[in-house]
There are 2 protein chains.
Amino acid sequence: MHTEDQIFQLMDEDELSLALINAQYDLRKTQGQKNGKSLIVLVNGIELAGKGEAVKQLREWVDPRYLQVKADQPQVLGEKQTFWQPYTRFIPAQGQIMVLFGNWYSDLLRTTMQTGAIDDAQFNVYLEDMRVFEQDLKNNYVDVIKVWFDLPWKTLQKRLDQIDPSEMQWHKLHGLDWRDKKKYDTVQRLRERFTKDEDWLIIDGEDEKQRDQQFAQHILQALKHCPNHPVRAKGRWKQAKIPELLQHPSQELAKTEEYKAELKKLSPQVAKALRSGPRNVILLFEGMDAAGKGGAIKRIVKKLDPREYEIQTIGAPEKYELNRPYLWRFWNKLQTDDDICIFDRSWYGRVLVERVEGFASPAEWQRAYDEINRFEQSLINHQTVIIKFWLAISQEEQAARFKAREDTPHKRFKITDEDWRNRERWDDYLKAAADMFERTSTEQAPWHIIATDDKNTARVEILKTILKQLQAD
Amino acid sequence: MHTEDQIFQLMDEDELSLALINAQYDLRKTQGQKNGKSLIVLVNGIELAGKGEAVKQLREWVDPRYLQVKADQPQVLGEKQTFWQPYTRFIPAQGQIMVLFGNWYSDLLRTTMQTGAIDDAQFNVYLEDMRVFEQDLKNNYVDVIKVWFDLPWKTLQKRLDQIDPSEMQWHKLHGLDWRDKKKYDTVQRLRERFTKDEDWLIIDGEDEKQRDQQFAQHILQALKHCPNHPVRAKGRWKQAKIPELLQHPSQELAKTEEYKAELKKLSPQVAKALRSGPRNVILLFEGMDAAGKGGAIKRIVKKLDPREYEIQTIGAPEKYELNRPYLWRFWNKLQTDDDICIFDRSWYGRVLVERVEGFASPAEWQRAYDEINRFEQSLINHQTVIIKFWLAISQEEQAARFKAREDTPHKRFKITDEDWRNRERWDDYLKAAADMFERTSTEQAPWHIIATDDKNTARVEILKTILKQLQAD
């Protein structure tokens with residue numbers, strides 16, 4: 001929190017406007033660039049403290065094409081959805097400013113006040129998760145500005161006396177009963193637990209002019225000092241040892257009859273286990289080309305109806321996706337209602353193909369392990385099971401499958417020159433996979449490495465693994 | 001409907017797969033092109049008729065990267081949302097195929113069966129609206145394929161006897177009580193009212209192999225014969241007469257004190273009227289540059305809190321938006337919960353800037369008037385008020401304002417060389433505006449032309465007009 005420690009001075013309004021617009025244009029110039037920046041502004045506060053007026057005034061001082069204001073329906077924080085999921089669609093693209101009225105802090109306050117379902121310890125857990133999430137946004141070039149508009153009890157009551165009845169009704173809809181001193185005090189006590197942090201600005205809502213300028217000048221400073229993030233990684237990278245199974249993924253061949261019998265037994269069991277919610281299930285497949293991801297997925301969904309699951313086939317990101325944090329396109333693919341979601345490739349592309357091909361800088365992919373762990377843990381904490389597979393194929397078997405694809409007209413589309421070229425980077429991919437296992441195998445979401453030179457054995461093993469992890473949940 | 005009139009033959013599966021993939025790649029090639037195509041497949045039918053299996057099989061025959069399957073929560077058709085709004089986010093981009101299980105037909109059947117709120121006449125109105133909406137999609141290069149998977153009563157009962165209990169529960173969730181012969185008959189009677197149309201395919205779900213192939217071959221035919229839409233317009237264009245007010249938008253000057261007094265009186269009235277839902281309000285502003293759209297909007301929201309409204313400042317479309325029907329980006333900007341949405345420029349860009357600058361072909365912009373009328377009427381039928389303003393400025397006053405902007409540092413961003421260049425097309429824009437008034441002024445959503453050489457008079461007039469139209473609603 002910082003208020004009085006800064007000396008605050010009113011600026012000439014036209015000068016302030018010009019400075020804001022210039023700063024916006026500088027931000028705008030970062031669009032489409034590596035590390036292009038954006039700004040998200042979380043607006044919170046006591047009712048009638050003037051946050052609405054301050055935002056309206058800001059919008060008049062800036063170029064409104066590059067500033068969006070959103071006020072979404074308040075969300076009740078619950079067990080089935082993380083606090084950030086309702087807001088990911090509002091994460092601004094590079095060069096943009098997004099002002100959010102409804103946000104995770106207002107949801108936390110409201111849920112705590114209205115449901116009584118969040119105790120002190122849980123409140124702290126939420127706060128810590130929010131700080132961490134915001135740090136991840138910042139690391140991905142979305143700066144986060146947090147402002148609390150405050151108002152003393154007496155002034156609030158005076159303002160409530162003065163407003164129009166039609167307006168009054170609206171304020172009631174959007175908040176608590178602000179006539180209740182006890183509730184007011186509780187809100188103050190609760191919000192102090194986060195506004196005490198250094199990165200919150202508390203604005204006194206008593207003086208209108210001062211209030212609007214303080215808010216706008218704060219945004220201006222943020223625009224001017226959007227942090228530059230390191231492109232180079234710190235220190236030396238400690239390469240993990242490549243698991244033996246990846247080096248030599250040979251395995252016994254399953255007999256066809258035995259395989260068929262096993263499959264017949266396992267398919268309905270897997271379907272039943274996947275269905276037995278309430279929970280979300282994410283199944284995720286990584287591995288070299290032709291390792292058998294598609295075939296494995298086909299066996300998993302054998303006894304399911306396509307209305308029960310969704311398969312996400314992940315390719316290169318689109319341009320508008322590149323304008324946002326790299327996890328953003330996955331955030332928006334997840335649902336929250338007893339969903340079965342299967343990823344044919346996934347967010348691990350950041351530490352696999354993007355690392356190996358140099359699409360992500362070392363600082364970016366090295367940071368990504370923790371970001372991914374936090375992302376997955378956050379989902380796991382909200383009734384999601386994540387089952388991760390690496391399909392390990394040998395270089396010889398891959399070559400054989402590539403050739404078979406080339407010889408089969410309706411499979412030829414699966415193989416390109418690039419696939420052959422990627423084989424030259426085989427060892428780099430194995431190294432990347434090894435680091436990924438070491439850093440993102442967690443207790444609740446471990447990596448399962450499956451040797452796939454024999455497809456049938458692999459498929460049975462995958463089904464058994466799914467059953468095991470689901471039953472342990 | 002067409003079933004027996006076609007001679008249907010099973011194809012070799014590999015050949016079918018190859019043909020589908022090749023057709024997909026041809027579709028794919030249209031991406032990013034003018035008139036690039038996409039395909040939406042609406043899957044409906046009796047439970048257990050095998051629509052799930054058929055879609056799953058299709059997905060295995062095609063290149064799955066370019067085919068998405070969505071099964072959204074069923075929607076109850078109601079008064080506050082058009083039937084198409086829940087589905088606009090699933091409209092496929094060019095080059096893509098989207099298979100929709102939940103869709104407007106399943107919603108119509110479900111709502112009719114479960115709520116009893118839709119009588120025969122309303123059912124027909126919905127059907128007609130759906131046909132028209134689909135035609136608009138087709139005209140905008142999204143082909144629509146509609147399939148009904150059918151199953152006789154006896155076979156359905158036999159299949160229900162055989163399925164696994166865990167599956168049974170799932171089927172119940174997703175449908176009616178399929179053990180009830182009366183309900184089965186009602187569904188059949190209702191669905192015949194739309195499946196009798198020529199563009200429906202009815203597939204007999206009794207024979208699995210036949211069923212899957214018939215479905216896939218139908219998609220193949222659709223991919224091969226995606227219609228080519230005319231780029232040239234038919235016949236001669238009848239230019240509307242330019243209204244006198246646009247030629248000479250002079251007006252009396254308001255006295256400053258009178259203006260302020262009026263504004264003070266009107267602002268709270270407008271705020272109150274805008275708030276008095278339940279309804280959505282769309283305020284929409286078009287006009288030459290510097291005609292005063294921003295200033296007018298500022299006065300409208302004066303007494304509102306930014307959480308009560310949203311301002312959409314519309315610029316050139318993004319690339320991913322160009323890959324879809326031109327109305328798509330506006331569909332997704334609308335909300336459905338007592339929203340006040342203000343458009344600073346709008347979908348009328350299609351018949352203004354896109355017409356004048358040649359971004360839309362004559363066939364496209366000439367078709368757009370009807371499309372826009374249908375779009376607006378559809379919203380109006382679902383508790384939305386649309387208030388449309390054209391701000392008419394004289395060429396001399398515009399030049400004066402441009403110069404003033406250039407002389408004011410914090411307003412300079414509003415003026416570019418392009419703005420000066422656009423003045424050369426002044427008459428073309430007036431002609432486009434005249435045609436727009438003539439063709440899109442409807443009884444419930446008329447155009448209001450406001451002379452804006454005197455800003456103050458204009459602002460007062462705008463506020464009065466809003467009040468009048470809202471009170472008439």
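A note on names: the letters A, B, ... follow the listed sequences, proteins ahead of strands, and every chain is numbered from 1.
A:I297 places a side-chain heavy atom less than 4.5 Å from the side chain of A:F285.
A search for salt bridge (Lys or Arg N to Asp or Glu O under 4.0 Å) contacts involving B:D107 returns nothing, not counting sequence neighbours. For the salt bridge (Lys or Arg N to Asp or Glu O under 4.0 Å) test, no residue two or more places apart in sequence or in another chain qualifies with A:E208.
Looking only at distances, a side-chain donor or acceptor of B:S106 sits under 3.5 Å from a matching main-chain atom of B:N103. Using modelled atom types, one side-chain atom of A:R159 and one backbone atom of A:L48 make a donor-acceptor pair closer than 3.5 Å.
Of the residues considered (A:L20, A:L304, A:T408), A:L304 shows the highest number of contacts with chain B, using heavy-atom pairs under 4.5 Å. Put simply, of A:K51, A:E53, A:E15, the one with the most heavy-atom pairs under 4.5 Å next to chain B is A:K51. Between chain B and the options A:A19, A:G52, A:A71, the largest number of non-hydrogen pairs under 4.5 Å is found for A:G52. Per-residue heavy-atom pair counts under 4.5 Å with chain B were compared for A:E318, A:H410, A:K411, and the maximum is reached by A:H410. Between chain B and the options A:K319, A:K414, A:K272, the largest number of non-hydrogen pairs under 4.5 Å is found for A:K272. The candidate with the highest count of non-hydrogen atom pairs below 4.5 Å against chain B, out of A:R59, A:K303, A:Q68, A:Q312, is A:R59. Each of B:V55, B:I314, B:D14 has some count of heavy-atom pairs under 4.5 Å with chain A, and the biggest count is that of B:D14.
With a threshold of 4.5 angstrom between heavy atoms, A:K56 approaches chain B through its backbone and through its side chain. In this structure, the portion of A:F101 lying under 4.5 Å from any heavy atom of chain B is its side chain and not its backbone. Contacts between A:V301 and chain B at a heavy-atom distance below 4.5 Å involve backbone atoms as well as side-chain atoms. Of the atoms belonging to A:I311, heavy atoms from both backbone and side chain fall under 4.5 Å from chain B. Residue A:R412 does not touch chain B at all, counting heavy-atom pairs closer than 4.5 Å.
With no hydrogens or angles considered, a side-chain donor-acceptor pair links B:N332 and B:T88 at under 3.5 Å.
Ring geometry for A:Y320 versus B:Y320: interplanar angle under 30°, hence parallel rather than tilted (30 to 60°).
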- [ ] Mind running side-chain contact (heavy atoms from CB on, under 4.5 Å) on B:L67 and B:V69 for me, showing each step along the way?
- [x] CA-CA 7 Å; B:L67 178 130; B:V69 179; 3.9 Å; yes
